[in-house]
Amino acid sequence: MADRTLVLLKPDTLQRGLAGRIISRLEDRGMQIVGMKLMQMDMDLAKQHYAEHVEKGFFKGLSSFMTSSPIIAMAIEGNNAAAAVRACMGETDPQKSLPGTIRGDMAQDLGRNLIHGSDSPESAAREIAIFFKPEELLSYERDTQRWITEA
Ligand code: IDP
Ligand code: MG
């Protein structure tokens, strides 16, 4: 069933100029972008988004990194979107990620793993609501024939 998940292209993705290639991988899988914005996280947003990690030792480094430079937030629609995006991403630690995954092909470091994807449909609903207003999410059909100019 088609549903939605939140993807964040983290600051390292934009710093390294990998946004297009990472978005392409999600599009190649058949995922559809239904919301997208370039933005810079602030500390309040980092605490809200990473609420489950706020008390952890790595939160200081994680939050300072996530607020250090712009990110791209995307709402992505697809079949079991959260699980499908996570499969494309690989493991949290790029060192444990298989080649063929985004982190396994393009990252080396746990703290610089390029992409966030919601870990469940419930997390996806919570996280999408943090980053997008309802009117910023657009449903549309993809029909290549529509773009052919009629004579
Ligand atoms: P996820 O991004 O694969 O869902 P989470 O466990 O939710 O992984 O952790 C959020 C982010 O925090 C990770 O993507 C990673 O960048 C960072 N992180 C997680 N665990 C550690 C750690 O033990 N040390 C440093 N950074 C960590
Ligand atoms: Mg997570």
Side-chain angles (χ1 to χ4, degrees), residues 1-139 142:
M1 195 200 76
D3 57 8
R4 291 173 174 179
T5 193
L6 181 81
V7 168
L8 302 179
L9 302 182
K10 297 184 178 183
D12 48 343
T13 288
L14 279 83
Q15 291 290 331
R16 293 174 56 196
L18 295 174
R21 287 170 60 193
I22 292 177
I23 292 168
S24 282
R25 285 174 176 238
L26 300 177
E27 289 187 318
D28 288 349
R29 186 82 193 267
M31 310 278 181
Q32 185 177 8
I33 299 167
V34 296
M36 189 173 191
K37 61 174 79 165
L38 177 72
M39 60 186 293
Q40 188 149 356
M41 278 181 116
D42 62 18
M43 203 47 87
D44 284 346
L45 188 56
K47 284 181 184 159
Q48 200 182 352
H49 173 65
Y50 282 124
E52 63 177 348
H53 298 315
V54 168
E55 301 300 328
K56 295 186 182 157
F58 63 80
F59 182 74
K60 192 162 179 276
L62 173 64
S63 57
S64 72
F65 168 61
M66 289 299 294
T67 58
S68 64
S69 137
I71 63 166
I72 291 174
M74 294 191 290
I76 296 284
E77 197 168 274
N79 197 2
N80 295 315
V85 167
R86 297 279 300 190
C88 291
M89 283 164 46
E91 303 298 319
T92 301
D93 184 352
Q95 297 290 339
K96 296 178 181 147
S97 298
L98 290 173
T101 65
I102 292 165
R103 288 164 168 173
D105 285 344
M106 301 191 214
Q108 299 187 56
D109 192 295
L110 177 58
R112 297 289 185 273
N113 60 7
L114 298 171
I115 181 170
H116 166 84
S118 310
D119 62 15
S120 68
E122 295 72 30
S123 298
R126 185 186 78 82
E127 294 172 1
I128 287 171
I130 293 172
F131 286 86
F132 293 96
K133 299 178 189 144
E135 63 269 25
E136 292 173 331
L137 300 171
L138 304 180
S139 287
R142 289 189 287 196

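Just so it is clear, the structure is predicted and the values come from calculations on it, not from any experiment. For ligands, and for the atoms within them, numbers begin at 1 and follow the listed sequence.
The single protein non-hydrogen atom nearest to atom 3 (O) of ligand 1 is T92 OG1, 2.5 Å, given as residue, atom name and distance. In this structure, the protein non-hydrogen atom closest to atom 25 (C) of ligand 1 is F58 CB, 3.4 Å. Distance from atom 4 (O) of ligand 1 to its nearest protein heavy atom, with residue and atom name: R86 NH1, 2.7 Å. Regarding atom 2 (O) of ligand 1, its nearest protein heavy-atom neighbour is R103 NH2, 3.2 Å.
With a 6.0 Å cutoff to the six-membered ring centre and a 45° limit on the axis angle, K37 counts as a cation-pi contact of F132.
Using a 30° and 60° split on the angle between ring planes, F58 and H53 fall in the tilted class, from 30° to 60°.
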CA sep, side-chain torsions, deciding dist, call: V85, R29, side-chain contact (heavy atoms from CB on, under 4.5 Å) = CA-CA 9 Å; V85 167; R29 186 82 193 267; over 6 Å; no

Mind running side-chain contact (heavy atoms from CB on, under 4.5 Å) on R25 and M106 for me, showing each step along the way?
-> CA-CA 12 Å; R25 285 174 176 238; M106 301 191 214; 3.2 Å; yes

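Every atom of ligand 1 with a heavy atom of K10 under 4.0 Å away is listed here by number and element: 13 (C), 14 (O), 16 (O). Which parts of ligand 1 touch H53 is read off a 4.0 Å heavy-atom cut-off, strictly below it: atoms 5 (P), 6 (O), 7 (O), 9 (O), 10 (C). Near N113, the atoms of ligand 1 lying under 4.0 angstrom from a non-hydrogen atom of the residue are 13 (C), 14 (O), 15 (C), 16 (O).
Listed by first and then second residue, the side chain to side chain donor-acceptor pair (under 3.5 Å) pairs involving residues 62-81 are R4-E77, Q15-S69 (not counting sequence neighbours).
With a 4.0 Å cut-off on non-hydrogen atoms, L62 touches ligand 1 through its side chain and not its backbone. Using a 4.0 Å cut-off between heavy atoms, H49 makes no contact with ligand 1 at all.
The shortest heavy-atom contact between V34 and I76 is CG2-N, 4.3 Å.
For K60, the closest heavy-atom approach to ligand 1 does not fall below 4.0 Å. Remark: distances from the non-hydrogen atoms of M89 to ligand 1 are all 4.0 Å or more.
Within 6.0 Å of NZ in K133 there are 12 or fewer heavy atoms belonging to other residues, nucleotides or ligands.
Looking at L114, L8, L110, D12 and measuring to atom 16 (O) of ligand 1, the nearest heavy atom belongs to L110.
One distance of note links CG of L38 with CD of Q40; it measures 9.0 Å at 0.5 Å rounding.
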